Protein chains: 2
Amino acid sequence: MRQMAANMSETRDKIVAMADRLVRTQGFNAFSYKDIAAPLEIKNAAVHYHFPAKADLGIEVVEQEIEKFRSQTSRWKKLPEDEQVVKLTEVFRRHSQEGNICLMGSLAPDFRTLSPAMQAKVLEMANAIIDWLTQCLEQGRKQGRLHFKGTAHTRALIIISNLQASLLLSRVIGSSAIRDITEQLLADLRQK
Amino acid sequence: MRQMAANMSETRDKIVAMADRLVRTQGFNAFSYKDIAAPLEIKNAAVHYHFPAKADLGIEVVEQEIEKFRSQTSRWKKLPEDEQVVKLTEVFRRHSQEGNICLMGSLAPDFRTLSPAMQAKVLEMANAIIDWLTQCLEQGRKQGRLHFKGTAHTRALIIISNLQASLLLSRVIGSSAIRDITEQLLADLRQK
DNA sequence: GTCTATATTCCGATAGAC
DNA sequence: GTCTATCGGAATATAGAC
C-alpha cells in the first residue's frame, strides 16, 4: 500500500503487535504507552511518533484484526462448511493457549469509553465475523452438513457468543472450559 | 452482621451501588473515585474512608453480587427447572435494558490486572453461578423438563457463556441480539 | 464521617535537539 | 525516527482539621 522501505515500518509493526497483545491480555484502558515502549526498548515518544493518540493505535489494532480475519476465512473457502466452523473454533483455541482473549471480548466491555472512530471499527469487526459465520451456517445447512434450529443469523450470534465468552470464562476458571465448550458446540451442529 | 446504625451505612451502600454500576458500564479500571464521589456529592476522601483501596471496593461489589445471586436463586427453588432457567435469562435481560453487562463479563477481561483477593472473589462468583446452573440443568433433565446433549456442567458453561457474551455483543451491535439469543437458547432446551 | 489539602505516581501528549 | 525533557492533568491514596 504505502511506499515505505522495509525497515521503516519494522518498529511500527512491533508496536501494533505489542498493542494487540496488551489489549487482549490487559484491556485497552489498562495498558500504557510505557507498557509498549519498555519491552521494545524504545521511548514512549517513539510510539507517539507512529500513533499520535492512543485511539489511533487502537484503530490500527482492530483494522489489522479485520484484515487477518478476512484473509483467514478466504483461505478456507473451498472447505466444507462444517470444517470451516472447526477452523474458526481453532482460531479461538489458539488464542486461549496463548493466554489471549479475542478482541471483541476485550473491547466490548470498554466500548463506551472508546472514541467514536474506534467504536465504529469495533462494530465493523463484529459485523465482519457475524456476517461470515451467518453465511457459512446458512450454506452448511443447505448442504446438509450442519444442523441447527432457528435462523442462521441467530445461531451465528450464539456460536460467536460461546467462543468469545469461553475465552473470558477460561481466564477465570481455567482453560479446560474452552475445550469442553467448543467440543459440545461442534457436536450440537453435527447432530441431526 | 456488623453493629451499625442505619444511617451510618447509607453512604457506604450508595458507594457500592454506584461502583457496581460503573464496573458494569465502564469497567473496573476505567472508573475513578471521582466518578463515584461526584454524583453522590461527596468528596473522594469520603469514599476512601469507607474503602481504603479500590480493590476493597471491588471486592465488596463482587461479594454483594454473590449474595444477591444466592438469594435470587433461593427464591426460585420451588419453581420447575425450566422456569428457573427462564428466570435466569430474565436477570440478564434486565441488565441489558439498563445498559449494564454482567459482572463476570466486565471483570474477566481485566482479570489479570486485579488484586489476588479480588481475583479470588471473582472465581467464587463464577463457581457459584456455574454450580447452581449445573445442578438446575441436571435436575431439569431428570424431570424431563429440559433437554440437552452432553454433561450438565458443559451445558451450563455454554449457557452462561451465551448470556454473558450476549450482553457484550448487544453493547456493540445493538440490543436485539440478546432477545434473539435468549429465545433460541430456551427453545433449544425445551426441544426433545 | 466528611471535609480541605496535598503527596505521589503515572498517564497521554508535545517540543525541540539530533 | 528516535531521543531527552517536560507539560498538564488525572488517578489513588493519606494527613489532619472539624
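Letters A, B, ... are given to chains in the order of the sequence lines, protein chains preceding strands, and every chain is numbered from 1. For clarity, every value in this text was computed on a predicted model and none was experimentally measured.
Residue contacts shown for A:Ala45 include a base, since a base heavy atom lies under 4.0 Å away.
Between B:Ser71 and B:Ser74, the side chains place no donor N or O within less than 3.5 Å of an acceptor N or O (distance only, hydrogens not considered).
When distances are taken from the side chain of B:His48 to each of D:dT12, C:dA13, C:dT2, the shortest belongs to D:dT12. Candidate nucleotides C:dT4, D:dC3, D:dT2 were compared by shortest atom distance to the side chain of B:Lys43, and C:dT4 ranks first. Set against D:dT12, D:dC3, C:dA13, the side chain of B:Lys54 has D:dT12 as its closest nucleotide.
B:Lys121 and B:Glu124 are joined by a salt bridge, as a carboxylate oxygen and a charged side-chain nitrogen come within less than 4.0 angstrom of each other. With respect to B:Glu81 and B:Lys87, no salt bridge is recorded, no charged nitrogen being found less than 4.0 Å from a carboxylate O. Between B:Glu138 and B:Arg155 there is no salt bridge, since none of the side-chain N atoms of the basic residue sits less than 4.0 Å from a carboxylate O of the acidic one.
Taking atom CD of B:Glu41 as the reference point, atom P of C:dC3 lies 10 Å away to the nearest angstrom. Here C:dT14 presents its C1' atom at 16 Å from NE2 of A:His50, a figure rounded to the nearest Å. To the nearest angstrom, P of D:dT2 lies 10 Å from CG of A:Leu40.
Within the 4.0 Å cut-off from OP1 or OP2 of D:dT2, not a single side-chain nitrogen or oxygen of A:Tyr49 is found. Between A:Thr11 and D:dG1 there is no side-chain N or O to OP1 or OP2 distance below 4.0 Å.
Ring planes of B:Tyr33 and B:His48: parallel class, angle under 30° (limits at 30 and 60°).
In this structure A:Ala55 satisfies the side chain to side chain contact (heavy atoms under 4.5 Å, CB included) test together with A:Ser115, sequence neighbours excluded.
Across residues 20-34 of chain A, not one residue has a non-hydrogen atom less than 4.0 Å from an atom of DNA chain D.
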